[in-house]
Amino acid sequence: MPLVLRGLRCQRQPEDLAPLDLVLQPGLPLVIHGPSGCGKSTLMDTLAGELAPLAGGLWRGTQNLLALDDATRMAQVAYLAQSDLLLDVSVRAFLCLGLGPIPDARLHAVLRQVGLDAVLEQTGDGLDYRLGTRGSRVSGGQARRLQLAALLLRDPPLVLLDEPFRGLEPALVQRLVAQCRPWLAHRCCVLVTHAPQALPAHWPRLAWPPSRAQG
């Protein structure tokens, strides 16, 4: 089902920006790009419900996702923010956070999707490998991929990805996109990036900030 943004205005953005009106289609991630500090992450925080919008909403049928209580909205929106939020727990525990027990075979499958399963097996600990304080035992690129793997275990109608491939080589980005496309085919997605050229050309683009409101 498409998701519809109607008249969305965000906090921390110039008052003369035009309200955002657009339709998100399953399987066609909206790629948002623009210079640093122009408000892309503020938009993502708003779509995730972490910042209240100044006006407008995000509609799934007759339901405004931005008007839902936190628990209900979080079941419908998966958000990979810019910051890496890893705990000092095992890989298994991290992937299963909020989901309950998941068969190891399923965990290995999503780790293969993001190219980490063999890496973790080489540690000798596999799924029991501990991430360290604030993820100190994995690299920045591995942290991004672990968080992406955690999203692949969920089934939300909306996925928000803020610089999901930061620090990754272009060839690896291409492989990750190919691995994630079947999952993305059934849900709407907004993806923020500084490198839109690395993503499929048929995915729609939106330069940010959008045009100014006409006075």
How long is the gap from CD on Q197 to CZ on R205, to the nearest 0.5 Å? 8.5 Å

Tell me the closest heavy-atom pair linking L43 and C10, and the distance in Å. CD1-SG, 3.9 Å

Which side-chain N or O atoms in residues 105-120 pair as donor and acceptor under 3.5 Å with protein atoms at least two apart or in another chain?
{"unit_1": "R106", "atom_1": "NH2", "unit_2": "L152", "atom_2": "O", "d": "3.2"}
{"unit_1": "H108", "atom_1": "ND1", "unit_2": "D117", "atom_2": "OD1", "d": "2.7"}
{"unit_1": "Q113", "atom_1": "NE2", "unit_2": "Q179", "atom_2": "O", "d": "3.2"}

Can you name the nearest heavy-atom pair linking L3 to P157, along with the distance? CD1-O, 4.2 Å

Can you name the nearest heavy-atom pair linking G141 to L168, along with the distance? CA-CD2, 3.6 Å

Interatomic spacing from CG in L161 to CE in M44 - rounded to 0.5 Å: 6.0 Å

Test side chain to side chain donor-acceptor pair (under 3.5 Å) applied to D128 - qualifying residues, sequence neighbours left out: R92

Could D84 and R134 be called an ion pair, given the rule that one side-chain N must be under 4.0 Å from one carboxylate O? no

Mark yes or no for whether R137, through its side chain, and R130, through its backbone, hold a donor-acceptor pair below 3.5 Å. yes

Between R144 and E163 (side chain of the first, backbone of the second, donor and acceptor by atom type, cut-off under 3.5 Å), is there such a pair? yes

Here the gap from W183 atom CH2 to L153 atom CG, rounded to the nearest 0.5 Å, amounts to 9.5 Å

Heavy atoms only: give me the nearest R9-L17 pair and the separation to one decimal. NH1-O, 3.0 Å

Working to the nearest 0.5 angstrom, can you tell me the gap between F165 CZ and L80 CG? 9.0 Å

Could you tell me which non-hydrogen atom of A48 sits nearest to which non-hydrogen atom of V77, and how far apart they are? CA-CG1, 4.3 Å

Test item: K40 side-chain N/O and G34 main-chain N/O as donor-acceptor pair under 3.5 Å: yes

Kindly compute the distance separating CG (D104) from SG (C96), expressed to the nearest 0.5 Å. 8.0 Å

